[in-house]
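Since the structure comes first, as structure tokens, the remarks are kept for the end.
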Amino acid sequence: MEEKTETLVIGSGPGGYVAAIRAAQLGQQVTIVESKHIGGVCLNVGCIPSKALIHAGHTYQESKNSQYFGIINKETEVDFRAVQQWKENKVVRPLTTGIRGLLMKNKIRIIEGYARFTSPHRALVDGKNGQTAIDFDHAIIATGSRPIEIPGFKYGGRILDSTAALSLEAVPKKLVIIGGGVIGTELGSAYADLGAEVTILEGTDQLLPTYEKDLVQVVEESFKKKGIKVFTEALAKEVSETATSIDVTFSTKNAEQTLSADYVLVTVGRKANTADIGLAEAGVSVESNGLVKVNQQYQTSQAHIYAIGDVIAGPALAHKASYDAKVAAEVISGKKVEKDYLAIPAICFTDPEIAVAGQTLAEAKSQGLSVKAATFPLQANGRALSLNAPEGFVRLIVEQETDTIVGGQIVGQGASDLIAEITLAIEANLTVEDIALTIHGHPTLSETIMDAAELALGLPIHL
Ligand SMILES: Cc1cc2nc3c(=O)[nH]c(=O)nc-3n(C[C@H](O)[C@H](O)[C@H](O)COP(=O)(O)OP(=O)(O)OC[C@H]3O[C@@H](n4cnc5c(N)ncnc54)[C@H](O)[C@@H]3O)c2cc1C
């Protein structure tokens, strides 16, 4: 079969489906191709299912450990099959069905199959119903990423990637995680809450190496209480699998040891899906790390082919992919816009959560800004105490002369939602006075941002 389309989108993750919808809204005739699941990694095997398991874990722990304020529940247990069914039927499926509905509502042609470029204006899709050649005026590459495999740890059996770890049938008794980044730490936290004995092996000298040490320390304290063991500067060397368990040998600075577990989860990073999509045939250049090079308007080396999301540089986050998508679709529609990554929030959904946006103190200083930090502890917030969540703090990074907010970091309960206010403040160039004079509801965790702003002004009420 042969077809023609104005804009071809390859991949239907938070990059692809958003690009397709925005392009259609702006009047383009759009075709989207997806080889696995509509909704991509995030909705099917990433953000959404992981948050569902994390929530199940929290609820179990809350139910088991509420004696501190007089709630006693002696017979709490986890029916993990029911948890999985809830996650699939009530969380993932309604969302992915919803995306399909949105694509259809916007009159976007959906083709299920695997697309490869065969020339700069043509792609060939291998689908269930045979091959379709699609000629396009513009294309958007949104093929996302997949887990990296390390030598000697081939996925399968008791060696899990994040996708397999999200769909286990039972909570493992013992789980070893190789890689203490966001994905490994979140899944480790979820399974520890659900009752597993979790050990995390991290190669660098800090768990969650992309976040500042003082934020991570708060999470580490909580991990200790949950019984999660963390080895840093730990190098996983080999595994040997038996019928009932798997042994992992790893070395730290001074020693080598072997742990026995039900499963080993490898979360050492992700790589872009760019190797087998015909980039050479399309004339699109790719960098040595597999990422597609784009300009400020997401154009690749072929100006009519764009790339967004996990296949280009920048944080591999769903909301960043969706942002890229909207800008790229607008560029194709003739709008004079370009990318601006001023304040992309990054969130780690551990317990407590970490959330950051904009610059850290060190980053701002290294760019020559004269900045100060104002840090307000959750311990001094009434709502945090009423939630039994006094751990953590909110920090604003503020330019000395102008009082403009250039960054913020939060660790504590609710950080994932609270960061939105700081993100807006950075994006809108607000000062700490703007925040301090904004009336925040009481009692709420959001008041800590107002308190940090007052602190930055030198007029703290609650410290
Ligand atoms: C366990 C886990 C948890 C995560 N949690 C979060 C989180 O909480 N917050 C967050 O912001 N991010 C999170 N992420 C990251 C997030 O999922 C990604 O950044 C996001 O999905 C990237 O979107 P994308 O559109 O670029 O690509 P993807 O979501 O990877 O989608 C790409 C799609 O393209 C399809 N495809 C690939 N090649 C072809 C082809 N040739 N033809 C047709 N289709 C093709 C793929 O099947 C896939 O469906 C998580 C990731 C994982 C793995």
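Each ligand, and each atom within it, is numbered from 1 in the order the structure gives. Small disclaimer: the values here were computed from a predicted structure and weren't measured.
For the pair K320 and Y341, the NZ or CZ position fails the cation-pi test of under 6.0 Å to the six-membered ring centre and within 45 degrees of the ring normal.
Looking at heavy atoms from C-beta onward, T252 lies out of side-chain contact with E233 at the 4.5 angstrom threshold. In this structure, P147 and V266 have side chains that are not in contact, with every pair of non-hydrogen atoms separated by 4.5 Å or more.
Nearest approach of A236 to F153, heavy atoms of both residues: CB-CZ, 3.8 Å. Between E212 and R395, the closest heavy-atom pair is OE1-NH2, 3.2 Å.
Here C348 pairs with nothing under the disulfide bond (SG atoms under 2.5 Å apart) rule; sequence neighbours left out.
Within 4.0 Å of ligand 1, heavy atoms belong to protein residues I10, G11, S12, G13, P14, G15, G16, V33, E34, S35, K36, H37, G40, V41, C42, V45, G46, C47, S50, K51, G113, Y114, A115, A142, T143, G144, S145, S162, I183, R270, I277, G309, D310, A316, L317, A318, H319, A321, F349.
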